[in-house]
Amino acid sequence: MATRNKSQSQLIDLFLSIARELGIESDKDVAALAGVSVENVANWRSGVVQQLKPQKLAAVKRGLTARIEALRALAGEVSIDPDLGLVTLEIETGSGPSSLQRQLRDRIHYDYLGHRFLYFEPQGALAWENLIRAGYEQTTWLRGVEERAAEWLDPSRDSRGRTKGPIAAALGFCPKARVRGLDVISLGPGEGGKEVRLLHRLLDLEKEKNQSLPWLTLCLADVSIALLTRAARDTRKTLSERGAHHGTVMATCADFEEGPLSFLGRIPTTRLPKEDGLRLVLILGNVFGNVRDEETFLREKAFKILRQGDLLWLEVGVRPDAIETEPLFRLTDAAQEETAAEANRRLLLEGPYRRWEAARGRKPSNLEMRVFIREDDDSSRVPGSLNFCHDLVIKDEGRTVTMLYSRRYAIPGLTKWLEEQGLAVERIHEVKDTKGRPRVAHLLVRKT
Ligand SMILES: C[S@@+](CC[C@H](N)C(=O)[O-])C[C@H]1O[C@@H](n2cnc3c(N)ncnc32)[C@H](O)[C@@H]1O
């Protein structure tokens, strides 16, 4: 341990020692923690300044509290070392596999089940992984996230002196601002490939600015334990390989549509003053277009997470001008021969019902997947959107059950609708598939 400079006050020495133990060592990091200039820190170290002014003391206390809060969150995460071969997950009461199994059993005779039930069992997760492995263009979508992250986290200035990247600006990488901590909350991350890419860009930003965020938490909420395990492992490995010891991954098996969102109780922004931290909510991979009702979801769930000024990153499916060019359109014609990718989609859709009937000791039913377009009805209420509704026809019972909504949005209609919900759309970027057709749009939205 470094010895105290003879003229340095004991209390300053104590503060600097604690900061060092918390990983805040350089003058620049200490200055950022206390919200002062680097020269101030040099004066504390040399003993020229023996006492902190009340305002600075308050800033120091706030900064230390933020670090300790992040450590508290970390304390719930046993497997700090990713090579230990342990992956820690938390399970929200009512959202674990047996609860979902029970809900599936209770609702199996309803006419709507929805995407919540597609992936929570390992076979469903496997079907999803097979789906994105072939014919899904996943590499294009991953690159789309990576490029947006680079752009939206760009700390450089435009010709008017403003920070170019809106997320970098919201984090305080702009003149006269204090850098804030960040809680990234990903709803339905699946296997987490996009979150890994975002983490890399965040850590690049810190490196470029030579300044760490006061804390960085990635909170993953997904009902699929199989996919969540992979996402938690890969994102923790990323933090560990990049030496980001202030970064924490909290992985919760949680239902973001019907569950109580208990994981919010553990993230630093819940415990700290609002001005100290930003929330960035991710809803990627058209998960927004899968929920039962977008408005209900925003009102009852998303707005419990987003506080005024917080950011929401949506990646949604785009409605093409000619709907026949949308790959899902083929599925609306039952006479078309099934491709391997389409077979995977069918297996994903049939899975929950197949497993339910097997568990009941029933013989396999005669099932059929039916995809059809719904528009201007209560399943596609955002103006300009349409819904590729995926139904399962249970022929023996002479009924159908809806397994998945998959909406495509007209971006001007979606933008206007989001603004009406109290969200300001700050950035829009379309991503084309390998055939040059716009298929996906990224929207960065601020809660007003
Ligand atoms: C299409 S997949 C993965 C999407 C991923 N974000 C991407 O961009 O590739 C959708 C994920 O959302 C999860 N999911 C669906 N409904 C959910 C719910 N109500 N609560 C939590 N997770 C849910 C599924 O388990 C699955 O991992």
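Read the numbers this way: they start at 1 and go in the same order the structure lists the ligands and their atoms.
Contact annotation for P189 and ligand 1: only backbone heavy atoms (N, CA, C, O) come within less than 4.0 Å of the ligand.
Less than 4.0 angstrom separates some heavy atom of D255 from each of these atoms of ligand 1: 18 (C), 19 (N), 20 (N), 21 (C). Within ligand 1, counting atoms from 1 as listed, the ones closer than 4.0 Å to a heavy atom of A254 are 20 (N), 21 (C). The atoms of ligand 1 that sit less than 4.0 Å from any heavy atom of H115 are 15 (C), 16 (N). Interface atoms of ligand 1 facing G190, defined by a heavy-atom separation under 4.0 Å, are 3 (C), 27 (O). Those atoms of ligand 1 with a heavy atom of G285 less than 4.0 angstrom away are 7 (C), 8 (O). The contact set between ligand 1 and S224, taken as ligand atoms under 4.0 Å from a residue heavy atom, comprises 25 (O). Heavy-atom contacts of L227 reach the following atoms of ligand 1: 27 (O) (cutoff under 4.0 Å). Ligand-side atoms of ligand 1 in range of L284: 6 (N), 8 (O), range being under 4.0 angstrom from any heavy atom.
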Between E147 and H429, does a side-chain hydrogen bond (donor to acceptor under 3.5 Å, both in side chains) hold up when you go through it step by step?
CA-CA 10 Å; E147 289 174 0; H429 187 98; 5.5 Å; no

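The distance criterion of under 3.5 Å between nitrogen or oxygen atoms is met by K194 with respect to ligand 1.
The protein atom (non-hydrogen) at minimum distance from atom 6 (N) of ligand 1 is G188 O, 2.8 Å. With respect to atom 1 (C) of ligand 1, the closest heavy atom belonging to the protein is W128 CH2, 3.3 Å. Scanning the protein for heavy atoms near atom 27 (O) of ligand 1, the closest one is D222 OD2, 2.7 Å. Closest to atom 20 (N) of ligand 1 among all protein heavy atoms lies F256 N, 3.0 Å.
In this structure S406 satisfies the side-chain hydrogen bond (donor to acceptor under 3.5 Å, both in side chains) test together with R408, sequence neighbours excluded. Residues meeting the side chain to side chain contact (heavy atoms under 4.5 Å, CB included) test with Q336, sequence neighbours left out: R330, D333.
Taking the ring axis of F120 as reference, the NZ or CZ atom of R116 does not stay both within 45° of it and closer than 6.0 Å to the ring centre.
Not a single heavy atom of S186 sits less than 4.0 Å from an atom of ligand 1.
Of the listed residues (I132, V196, D234, T229), just one forms a side-chain contact (heavy atoms from CB on, under 4.5 Å) with E191, and that residue is I132.
Considering L404, V287, L261 only, the shortest heavy-atom separation from atom 10 (C) of ligand 1 involves V287.
Salt-bridge annotation for E90 and R266: present, with a side-chain N of the basic residue lying under 4.0 Å from a carboxylate O of the acidic one.
H442 and R427 form no side-chain donor-acceptor contact under 3.5 Å, judged by distance and modelled atom types alone. Between the side chains of D154 and S156, a donor-acceptor pair is found at a separation under 3.5 Å. Residues R230 and T235 have side chains that never bring a donor and an acceptor to within less than 3.5 angstrom of each other.
Heavy-atom contacts from other residues, nucleotides or ligands closer than 6.0 Å to CD of Q308 number 12 or fewer.
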